[in-house]
Structure formats: C-alpha cells, structure tokens
Amino acid sequence: MPVRPIILAEDNDKLRRLYSEMLEAAGFKVMHASDGEKAISLLHKIVNPQLIILDVMMPRLDGIQTCARIRKMQGMNPCPILFLTALDSPETILECLNAGGDDYLVKSAPMAEVVERVQYWSRKGSSDDGAERRKKAIRELESLSDDDPNRGGETSDGISGENAIIDLIATFINETNEAFTEKEETFYRFGYLVGLVGAYMKQMGRQERRFHRMVRNLVYRTDFIDRKEIDALLENYERIVNQNQFQEGWQHGQNVAADIGVPQKTRKANSATAGASPS
C-alpha cells in the first residue's frame, strides 16, 4: 500500500527544506508548496493526504484562508490540518481553530516535538473527538468576547495585565522546564501550573472561565502539559484538586511564584481575576 503523503506549505525556502528533510527522515513522504494556492493545487492531485501543515503567514493566500478553503473542498472526508506559526498568541490560535485547524506547531519548538505532533496526528487522523476538542478550545478562547457574562469590569488594561502575567509565567516555565523529569506526572505538573496562576488570581473574585482561559493559554504557550490532555484536566478539576500529586505540584507553584514576581504583577494589574486555590 503506497504511503500517503503530507502536504507542507511554507513560504520560507530554508524552513521548508528543513521541515521536509526532518519529516522524511522520520519516515513520512512530504510534498511541499511555497504558498497556500500551490498547496490547494496539490490537493487536486492528492485526494487523501495523511495530513496538511500550513504556515500561518504566507503570500498570496495565508494559512488561515487556505485552511478554510481546504475544509470546504474536503467535505465529509477531512484530514488533520496543523498550523506552523511563530505567533502563539490566543488570538492566533483562535483564528487557526475557527478556520478548521486541529493543532499548531511553534516554529521555535524542538524538532523532536514537531515530529511527535505530526506522528500523533498521522496515527489519529480526523475524528469526531478531535472536532469536539476544537469546539471546547474555541469556547474557552472566545471567553474574551463582549457578551461574556463573566467579564464584568474587564478592560483593555486588565486584559493586557493578564497577558503580561501569561508571558511572565510562560517564559519562566520554558526556561526551567528541564528541571522537571519524566517522573513528574501530569497531576503534579497540572498542580504546579495552577499554583503559579493562583498566585496571580487568589486576591480576586472567582471567575472560572478566566481561570480556565489562563491555564489553557499557558498550556498552549509552553507544552508543559500535553495539549490533548488539558480539556479532561479542566473538566475534572474538582476531583483532581484533592489528589496528593496535584497538591504537591500546587504548593511548589505557589512557593516559586513569588520568586518570579507574580504577586507584585498582581497588584499592578487592573483586571478582576479568579481565585484558583485548591482549597
């Protein structure tokens, strides 16, 4: 049985060659294009690719527009679409998901991580469960919309304050991630992340949607927890919070938060945020 190819659309020649060679070395067959229109032309020749990787920023037809057109073309037989981007902001992620994307890859990520995500989606293919995950993620990211009843007095300054905290924590996690070994299980890591976020949120009134949004955005920004697990963790938060591993991770996060200036940033921020203590 012939190997189904991956379609890779990236306008940077050097990056396109790099990713193509890396994926081919991992056993994939790659057909590449330098822009969205050429990627769509390949789909007229390859009816059922294994998956499609689209750079977000491309000339002529960008990745978002390309994804939307591909989804219309594929109808009831979609394949996974991953976005390749240097922009990992919630707004960019939301655009990718709304266009029909399944996941995204950050260009600065280690090559091994890129291969792992491609392998995962190649095995998984398109599924109803993937569509449900996308819908849940979109709902969380859209919680900044004007009709969100939990926004209260959320102002642009407040949102900027929240984003500054996310930047601060994400940078810290990415710089110190090597200190965590594989033995640190998911509940511990989840507790650690919640502990860091909680240092920012504990002085404020409870707004669950904002808490979920901040934790989810940090997962997107850091991959400290596998993205495919975060929905289940947040949905089962009330049960997980009593687990010993979560409690230990949460305490670690609370202890570390002061060292990176999270409480001080809290006092400077103008937003109303949610209490995230497991108590």
Side-chain angles (χ1 to χ4, degrees), residues 82 88-90 93-94 96-97 101-106 109 113 116-117 120-121 123-124 127-144 148 150 162-163 165-170 172-174 176-177 179-202 204 206-257 262 273-279:
L82 312 185
D88 59 352
S89 68
I93 298 166
L94 182 57
C96 293
L97 295 177
D102 293 283
D103 203 348
Y104 79 101
L105 307 166
V106 180
E113 180 184 319
E116 188 276 331
R117 299 306 294 175
Y120 169 78
W121 283 105
R123 291 192 302 267
K124 184 176 182 58
S127 67
D128 292 338
D129 131 274
E132 283 305 309
R133 269 204 315 276
R134 186 189 304 128
K135 289 177 184 176
K136 289 177 183 176
I138 287 172
R139 285 198 297 268
E140 292 290 344
L141 290 166
E142 284 180 337
S143 63
L144 275 175
D148 182 358
N150 289 311
E162 178 183 313
N163 290 337
I165 293 298
I166 290 173
D167 289 342
L168 180 73
I169 297 175
F172 176 76
I173 289 175
N174 287 327
T176 59
N177 197 11
F180 285 79
T181 64
E182 292 181 1
K183 70 177 183 179
E184 308 292 3
E185 297 188 9
T186 299
F187 283 2
Y188 185 95
R189 287 174 173 265
F190 183 48
Y192 180 76
L193 201 66
V194 171
L196 287 169
V197 172
Y200 172 60
M201 302 168 77
K202 66 184 177 182
M204 311 299 177
R206 183 168 179 78
Q207 291 185 13
E208 187 175 355
R209 289 175 70 94
R210 172 167 280 189
F211 163 61
H212 282 213
R213 182 175 72 237
M214 288 189 71
V215 172
R216 183 186 297 282
N217 288 348
L218 281 169
V219 170
Y220 287 154
R221 294 283 300 278
T222 64
D223 280 333
F224 186 68
I225 298 169
D226 196 317
R227 274 176 257 163
K228 63 180 179 285
E229 296 179 351
I230 190 58
D231 289 316
L233 291 170
L234 289 172
E235 286 173 5
N236 293 283
Y237 180 79
E238 296 301 328
R239 283 181 287 178
I240 294 171
V241 81
N242 295 314
Q243 299 292 321
N244 288 336
Q245 286 182 344
F246 177 93
Q247 291 279 340
E248 291 172 7
W250 180 84
Q251 190 60 61
H252 185 186
Q254 287 278 295
N255 292 341
V256 165
V262 171
T273 53
S277 170
S279 59

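Not measured: the values here are computed from a predicted model.
- With rounding to the nearest 0.5 Å, the separation of CD1 in Ile225 from CZ in Phe187 is 10.5 Å.
- With values rounded to the nearest 0.5 angstrom, Leu218 atom CG is found 8.0 Å from Leu196 atom CG.
- Side-chain atoms of Asp226 and Thr186, non-hydrogen and from C-beta on, never get closer than 4.5 Å to each other.
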Could you please spell out the steps behind the side-chain contact (heavy atoms from CB on, under 4.5 Å) verdict for Phe246 and Val194? CA-CA 9 Å; Phe246 177 93; Val194 171; 4.1 Å; yes

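- When all heavy atoms of Leu105 and Arg117 are compared, the closest pair comes out as CD2-CB, 3.4 Å.
- A distance of 7.5 Å separates CH2 of Trp121 from CG of Leu82, quoted to the nearest 0.5 Å.
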Hey, mind stepping through Val219 and Phe190 against side-chain contact (heavy atoms from CB on, under 4.5 Å) and telling me if it holds? CA-CA 9 Å; Val219 170; Phe190 183 48; over 6 Å; no

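- A cation-pi geometry, defined here as NZ or CZ lying under 6.0 Å from the six-membered ring centre and within 45° of its normal, does not hold between Arg189 and Tyr192.
- Of the inter-residue distances, the one linking Ile169 atom CD1 with Asn174 atom CG reads 12.0 Å to the nearest 0.5 angstrom.
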Given the rule in the side-chain hydrogen bond (donor to acceptor under 3.5 Å, both in side chains) test, do Glu248 and Asn244 qualify, once you have shown the distances and angles that lead to the verdict? CA-CA 6 Å; Glu248 291 172 7; Asn244 288 336; 5.9 Å; no

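- Rounded to the nearest 0.5 angstrom, Tyr188 OH and Gln251 CD are separated by 10.0 Å.
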